[in-house]
Amino acid sequence: MSLSRLNTLMKLAPKSTAVRTLQMQPQRNQSALPESGPTGHFKTLAVSSPKPFVFHVELHRPSKFNAISKQMWLEIKECFDGLATNPDCRAIVLSAAGKHFTAGIDLNDMMNLGQTLAETDDYARKGVIMERMIKVYQDSISSLEHCPKPVITAVHKACIGAGVDLITAADIRYCTEDAFFQVKEVDIGMAADVGTLQRLPKAVGSQSLARELCYTGRKFEAAEAHSAGLVSRLFPDKESLLTGALAVAELIASKSPVAVKTTKESLVYSLEHTNQEGLDHILLLNKLNLLSEDFAQAVAAQLTKDDKPVFAKL
């Protein structure tokens with residue numbers, strides 16, 4: 001990079017802006033935290049902010065092994081849609097309370113669905129009921145992928161059925177050494193319909209392995225999941241898993257929120273588009289984002305070896 005270019009970058013960050021952002025130390029804004037937990041707004045999730053700009057979302061139906069009920073489906077979407085626009089959130093860790101990450105879909109809800117379907121004899125109307133339900137569940141899972149903040153899933157013990165849908169919509173997946181995964185839908189007489197069939201083959205990079213898992217419903221142990229790329233790190237226990245996941249989230253949260261948001265948007269877009277389409281997409285984003293004060297401050301900090309820059313909220 002030429003000296004004139006560097007001088008231009010420095011000029012992009014006026015002194016008043018630099019002073020303002022350096023003084024804006026990251027602080028936890030308790031008023032921005034959604035009420036959560038068994039007695040708060042969310043009944044099936046616990047939400048906290050254990051580190052600056054890092055949110056921890058916990059599946060919280062431990063007595064039911066975190067089986068995903070209709071209420072949890074709805075609350076997952078509400079939670080991640082809210083964090084998507086929360087300026088105090090830059091990275092998210094998703095874990096679960098209790099013995100297992102999740103036992104998958106709550107089958108009691110399926111029984112209730114059967115009663116609802118029995119109220120009409122018309123197959124077209126039954127189909128509309130099913131369509132609306134499936135779309136709600138799909139949108140719930142996709143809220144992780146659509147959220148512009150990176151989502152790190154921390155999986156312990158069982159991650160079954162809808163749990164695989166959930167984690168494959170995340171950005172980063174870690175698990176304990178005793179974790180296992182299971183695409184269980186075939187065992188209850190259905191094809192997975194909220195994301196696994198679309199995302200799992202891309203996550204593991206093998207159509208053969210993904211199809212084997214989806215056709216057989218067999219257990220997929222942590223070591224195999226790691227070697228296949230479904231998870232990128234293994235931890236000896238749940239405590240070290242959460243510590244590691246939160247540390248990575250804290251590191252991400254220290255980066256420019258403009259840069260991280262744009263990076264995720266480009267990665268997600270490029271999954272479904274050609275390389276050239278991906279290049280054209282990031283060109284459109286960066287012709288604006290490279291004018292951000294974040295870029296100038298980050299480059300200046302690298303050149304001067306100063307303390308890490310503190311970025312304004314987004």
Side-chain angles (χ1 to χ4, degrees), residues 44 57 59 61 64-70 72-77 79-80 92 94-96 100-107 109-110 113 130-147 150-176 179-232 264 267-272:
T44 66
V57 178
L59 306 183
R61 297 185 76 208
K64 302 293 185 181
F65 299 137
N66 299 310
I68 304 179
S69 62
K70 181 178 180 180
M72 185 182 281
W73 289 107
L74 295 172
E75 289 187 356
I76 288 171
K77 185 176 190 305
C79 179
F80 280 89
I92 304 164
L94 175 63
S95 71
H100 295 287
F101 182 77
T102 179
I105 193 168
D106 190 330
L107 294 180
D109 277 2
M110 295 297 98
L113 173 64
M130 293 296 295
E131 178 183 10
R132 289 172 179 168
M133 180 201 71
I134 294 169
K135 186 66 168 64
V136 165
Y137 293 178
Q138 287 179 344
D139 289 348
S140 173
I141 296 296
S142 294
S143 67
L144 277 67
E145 185 175 79
H146 295 160
C147 178
V151 180
I152 302 170
T153 51
V155 178
H156 71 287
K157 291 292 186 72
C159 178
I160 296 172
V164 179
D165 294 298
L166 189 64
I167 68 166
T168 52
D171 295 272
I172 298 168
R173 292 173 292 274
Y174 299 152
C175 75
T176 55
F180 67 89
F181 307 84
Q182 210 169 357
V183 185
K184 191 71 171 173
E185 284 83 352
V186 70
D187 285 340
I188 59 172
M190 63 173 288
D193 56 7
V194 294
T196 289
L197 302 185
Q198 292 70 40
R199 296 185 176 106
L200 180 62
K202 296 169 186 172
V204 301
S206 168
Q207 283 283 341
S208 176
L209 176 59
R211 293 183 187 211
E212 177 198 335
L213 296 172
C214 294
Y215 296 155
T216 65
R218 73 169 175 85
K219 286 186 178 180
F220 188 49
E221 304 285 352
E224 186 181 5
H226 182 249
S227 65
L230 178 63
V231 298
S232 52
K264 176 166 181 176
L267 285 168
V268 172
Y269 180 89
S270 296
L271 277 173
E272 302 294 341

Please check this pair: side chain of [X] against backbone of [Y], looking for a donor-acceptor N/O pair closer than 3.5 Å.
{"X": "Gln182", "Y": "Gly217", "result": "yes"}
{"X": "Thr168", "Y": "Thr196", "result": "no"}
{"X": "Ser142", "Y": "Glu145", "result": "no"}
{"X": "Ser270", "Y": "Leu267", "result": "no"}
{"X": "Arg199", "Y": "Ala169", "result": "no"}
{"X": "Thr153", "Y": "Ile172", "result": "yes"}
{"X": "Asp171", "Y": "Ile152", "result": "no"}
{"X": "Arg61", "Y": "Thr44", "result": "no"}
{"X": "Asp106", "Y": "Lys70", "result": "no"}
{"X": "Gln207", "Y": "Pro201", "result": "no"}

Search all heavy atoms of [X] against all heavy atoms of [Y] and return the closest pair with its distance.
{"X": "Asp165", "Y": "Ile141", "answer": "O-CG2, 3.3 Å"}
{"X": "Phe180", "Y": "Ala158", "answer": "CZ-CB, 3.4 Å"}
{"X": "Arg173", "Y": "Ala170", "answer": "NH1-O, 3.5 Å"}
{"X": "Thr216", "Y": "Asp187", "answer": "O-OD1, 4.3 Å"}
{"X": "Asn66", "Y": "Thr102", "answer": "O-OG1, 2.7 Å"}

So, do [X] and [Y] sit near enough that their side-chain heavy atoms are less than 4.5 Å apart?
{"X": "Phe181", "Y": "Ile167", "result": "yes"}
{"X": "Tyr215", "Y": "Val186", "result": "no"}
{"X": "Ser232", "Y": "Tyr174", "result": "yes"}

### Task
Test Leu166 against Leu94 for side chain to side chain contact (heavy atoms under 4.5 Å, CB included), laying out the working first.
CA-CA 10 Å; Leu166 189 64; Leu94 175 63; 3.8 Å; yes
### Query
Does Lys202 NZ have over 12 foreign heavy atoms under 6.0 Å away?
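Enclosed: over 12 neighbouring heavy atoms sit under 6.0 Å from NZ of Lys202.
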### Query
When the ring planes of Trp73 and Tyr137 are compared, do they come out parallel, tilted or perpendicular, using 30° and 60° as the limits?
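Plane angle under 30°, so parallel.
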